[in-house]
Amino acid sequence: MNNQVNQWLNELTIEEKAELCSGKDFWTTQAVERLGIPSIMMTDGPHGLRKQAGESDHLGLNESVPATCFPSAVGLASTWNRDLIYDVGVALGKEARKEGVSVLLGPGANIKRSPLCGRNFEYFSEDPYVSAQLAAAHIKGVQSAGVGASLKHFAVNNQEHRRMSVDAIVDERTLREIYLASFEGAVKEAQPWTVMCSYNLVNGEYASEHKRLLTTILRDEWGFDGLVVSDWGAVNERAAGVAAGMDLEMPTSNGVGTQKILDAIEKGELDEQALDRAVTRILDLVIKSTSQKDLTDFDMDAQHQLARKVAREAVVLLKNESQLLPLEKSQRVAVIGELAKKPRYQGGGSSHINPYQLDNAYDELARFADSVSYAQGYDLEKDKVDDQLIQEATECARKSEVAVLFVGLPDRYESEGFDRDHMSLPTNHEALIRSVLDAQPNTIVILSNGSPVEMPWVDDVPAIIEGYLGGQAGGGAVADILFGVESPSGKLAETFPVRVEDNPSYLYFPGEGDRVEYREGIFVGYRYYDTKKVKPLFPFGHGLSYTTFSYENMTVSSRELNESDKVTVTIQIKNTGSVKGKEIVQLYVHDKHSSVVRPEKELKAFDKVELEPGETKEVDLELDRRAFAYYNTDKEDWTVESGEFELRVGSSSADIALTETISITSSKPTTFKVTRNSTIGDLMQSEHAEKLNQFLERHFSDSPFTPDEETEAKSEEGGSDMMSEMLKYMPLRALVNFQPSKEANEALEQFIKKCNQSE
């Protein structure tokens with residue numbers, strides 16, 4: 001414990017301690033002036049600073065100070081670029097320091113369980129490994145600038161519908177492998193100063209008072225040593241929260257939370273040591289925050305250029321038939337769609353930024369092309385089709401050589417606070433696409449949205465760009481990509497289903513009343529589509545380039561290893577095209593013979609590599625024990641089974657270029673507990689197989705259900721598999737039924753005892 005913190009803790013009254021555990025107002029913590037304990041400020045957000053200039057609120061009713069608006073998390077994730085996201089974190093941290101902000105509330109590491117979640121734009125991925133890696137890079141960047149990050153929303157916060165009261169019911173294996181894993185990796189690698197608990201309940205307990213989540217798992221298992229802060233208004237019972245490990249209630253409860261803590265201590269319902277632990281963490285955060293030097297070097301124009309660089313890498317080229325892109329300067333370009341002039345560059349809700357500068361795509365495209373025309377196409381504030389606007393847009397497209405059509409989801413379609421009902425674009429956007437296509441086959445669709453949309457016109461449009469929510473420089477970034485200033489290098493960190501009904505959570509989202517069951521289990525996103533063999537619209541990891549890449553010469557550092565060993569996978573990547581480009585190499589693991597249900601493959605490593613035309617580079621990807629493990633609920637631990645694992649390397653989950661197989665020997669073989677109801681077939685696949693054979697031969701050689709040479713010969717010749725199949729799923733007790741005797745039953749009991757003694 002810091003000496004200053006220890007001194008403060010000894011001098012604080014119990015009333016002052018309780019007061020410190022709630023905010024002073026909306027964004028700041030309590031101060032204790034008599035001891036010189038200062039107040040610190042926290043504020044949104046994950047992709048830009050939202051420090052409000054006037055009276056504070058949570059809905060953005062009062063304008064915030066101008067700040068750099070970077071692409072939201074969905075765009076950051078599509079860069080798959082840890083270094084770039086680290087740089088964004090540094091930039092955010094510097095702006096926060098400049099404005100006197102001590103903790104920036106973000107990033108969001110929740111899993112994209114359904115494409116309908118209204119806040120998906122603020123989360124990274126459907127995959128926990130991607131989410132954890134990018135969240136860790138973000139946290140490291142922010143905290144390198146002397147500002148704390150707040151990893152949120154912990155945990156199982158995957159919908160906005162009834163978000164403050166819904167109970168997320170999720171089994172332990174799914175919880176560990178999917179929904180906690182995205183937080184676990186970020187916590188262990190980056191150690192955020194704070195973690196923010198979510199509003200919802202998890203398996204019957206509010207996250208704000210969930211001791212198993214906040215203490216047993218987060219602190220004891222993962223080693224988190226920072227502060228847990230509530231989401232704003234997420235506290236249910238304050239004293240229970242302190243006991244569980246939820247340290248700081250935000251915003252202020254105007255003394256209500258303080259009194260509940262004091263009452264609980266007086267009644268003996270709350271141990272004062274729990275209060276001291278919470279206060280110690282709060283004081284530690286205060287010391288960290290106030291020990292930073294003043295910021296001197298800061299350039300908002302440089303921030304804008306970084307925002308444009310990031311937005312370029314966030315752009316995903318989904319389709320490019322006949323190499324329609326990149327465009328030529330001399331082409332007559334029709335820019336169509338109101339979003340080209342009124343960009344949707346960020347999501348709605350608590351992370352809404354007041355941008356320091358805002359580019360629009362039309363102005364940026366006009367800087368490149370010799371001839372640019374424009375048509376509005378639709379009213380962004382309405383869904384109704386305007387025939388005149390569509391007719392004008394159609395004529396504009398007909399007179400051009402190529403039409404660049406900007407469509408997407410308006411603010412009212414997706415935001416914090418509510419989920420989408422469907423995945424469709426507005427009716428007038430759909431009508432515009434169809435009409436423009438009839439007039440101009442060389443049409444490029446640019447999407448502005450925070451999560452997947454259905455595309456019934458996908459086969460008719462030659463080129464599609466997913467621009468996501470590109471931040472304040474998104475318009476310029478799209479122009480750069482369209483005209484080939486840089487080859488697109490973004491890839492989807494989520495699956496685009498053909499239709500919303502294809503999503504594995506469709507039948508269970510958003511639940512019934514205040515209860516949502518995660519019945520799809522571990523089969524989230526590509527884990528489901530690949531295993532079920534359901535073809536998506538665009539697969540996880542997909543993204544095209546203006547150049548081409550070849551994957552060659554895959555090697556592994558060892559083909560046989562123990563589970564504690566690491567294995568390095570090396571691949572040669574060559575740029576076989578004519579322009580410089582970046583490729584995202586993805587490594588998936590497939591368990592060839594698992595005793596439990598596992599997805600077809602799971603992403604366990606990735607890297608982004610830049611190559612000049614004709615250049616070849618070696619990419620090394622390292623896998624550790626966790627890459628091969630599943631969460632064993634019986635052992636309450638991660639388990640690696642002995643056997644073969646196939647390593648699959650490619651450019652997306654659906655485009656695997658190279659494979660290698662390795663063999664792993666578990667240092668802790670899965671122990672098969674034998675009972676009277678254990679089946680013969682299961683025992684034959686376990687470590688007890690030899691003992692079983694000896695037991696059957698000694699005591700049941702004349703049983704009609706014990707295979708002899710004649711029965712096995714018939715089975716091998718295809719005469720009849722009935723007997724062997726019946727035997728496979730026959731419990732041990734059934735053997736006694738067909739050869740009843742006291743001796744047989746006693747022999748069976750001795751066999752079971754012997755097997756279990758060898759564990």
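The salt bridge (Lys or Arg N to Asp or Glu O under 4.0 Å) search around Lys140 returns Glu189, not counting sequence neighbours. Under the side-chain contact (heavy atoms from CB on, under 4.5 Å) criterion, Val485 pairs with Phe368, Asp480, sequence neighbours left out. For Tyr362, the ring pair (Phe, Tyr, Trp, His ring centres under 6.0 Å) partners at least two apart in sequence or on another chain are Tyr374. In terms of the side-chain contact (heavy atoms from CB on, under 4.5 Å) criterion, residue partners of Pro488 (sequence neighbours excluded) are, by chain and number, Leu317, Ile481, Tyr546. For Glu610, the salt bridge (Lys or Arg N to Asp or Glu O under 4.0 Å) partners two or more places apart in sequence, or in a different chain, are Lys580.
Side-chain atoms of Glu622 never come within 3.5 Å of backbone atoms of Lys566 as a donor-acceptor pair (strictly under, hydrogens ignored). Counting only distance, with no hydrogens or angles, the side chain of Thr531 and the backbone of Tyr528 share no donor-acceptor pair below 3.5 Å. Distance alone, capped at 3.5 Å, is enough to place a donor-acceptor pair between the Lys112 side chain and the Tyr123 backbone. Judged purely by atom type and a 3.5 angstrom limit, Arg344 uses its side chain to pair as donor or acceptor with the backbone of Leu409. Side-chain atoms of Asn575 come within 3.5 Å of backbone atoms of Leu611 as a donor-acceptor pair (strictly under, hydrogens ignored).
Salt bridge annotation for Glu583-Lys617: absent, with no cationic side-chain nitrogen under 4.0 angstrom from a carboxylate oxygen. Residues Lys188 and Glu184 are paired through a salt bridge, judged by an N-O separation under 4.0 Å between the basic side chain and the carboxylate. A salt bridge does not link Arg308 to Glu313: none of the charged side-chain nitrogens sits closer than 4.0 Å to a carboxylate oxygen. A salt bridge does not link Arg648 to Glu602: none of the charged nitrogens lies less than 4.0 Å from a carboxylate oxygen. One finds a salt bridge joining Asp460 and Arg434 here, because a Lys/Arg side-chain nitrogen approaches an Asp/Glu carboxylate oxygen to under 4.0 Å.
Taking the six-membered ring wherever Trp is involved, the centroid distance between the rings of Tyr378 and His429 falls below 6.0 Å.
Phe483 does not carry Arg367 over the face of its six-membered ring by the limits of under 6.0 Å from the centre and within 45° of the normal.
Of all the heavy atoms in Ala307 and Gln472, the pair that sits closest is CB-CG, 4.4 Å. Minimum heavy-atom separation, Pro66 to Met300: O-CE, 4.5 Å. Across all their heavy atoms, Leu492 and Trp80 have their closest contact at O-CZ2, 3.4 Å. The two residues Ala393 and Ala375 come nearest to each other via the heavy atoms CA-CB, 3.5 Å. Heavy-atom minimum distance, Glu454 versus Val498: CG-O, 3.6 Å.
Side-chain contact, His352 with Asp44: no donor N or O sits under 3.5 Å from an acceptor N or O. Between the side chains of Thr547 and Ser487, no donor N or O sits under 3.5 Å from an acceptor N or O. Checked by atom type, the side-chain pair Glu328/Ser330 shows no donor-acceptor distance below 3.5 Å. Under 3.5 Å, the side chains of Ser125 and Ser131 contain no donor-acceptor pair of N or O atoms. Using modelled atom types, one finds no donor on one side chain facing an acceptor on the other under 3.5 Å when comparing Ser550 with Thr576.
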Name each donor-acceptor pair under 3.5 Å that joins a side chain in residues 332-340 to protein atoms two or more places apart or in another chain, with its distance.
residue: Arg332; atom: NE; partner: Lys399; partner atom: O; Å: 3.3
residue: Glu338; atom: OE1; partner: Gln376; partner atom: NE2; Å: 3.4
residue: Glu338; atom: OE1; partner: Leu380; partner atom: N; Å: 2.7
residue: Glu338; atom: OE2; partner: Lys342; partner atom: NZ; Å: 3.1

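When each of Glu126, Arg527, His542 is paired with Thr495, the side chain to side chain donor-acceptor pair (under 3.5 Å) condition holds for Glu126 and for no other.
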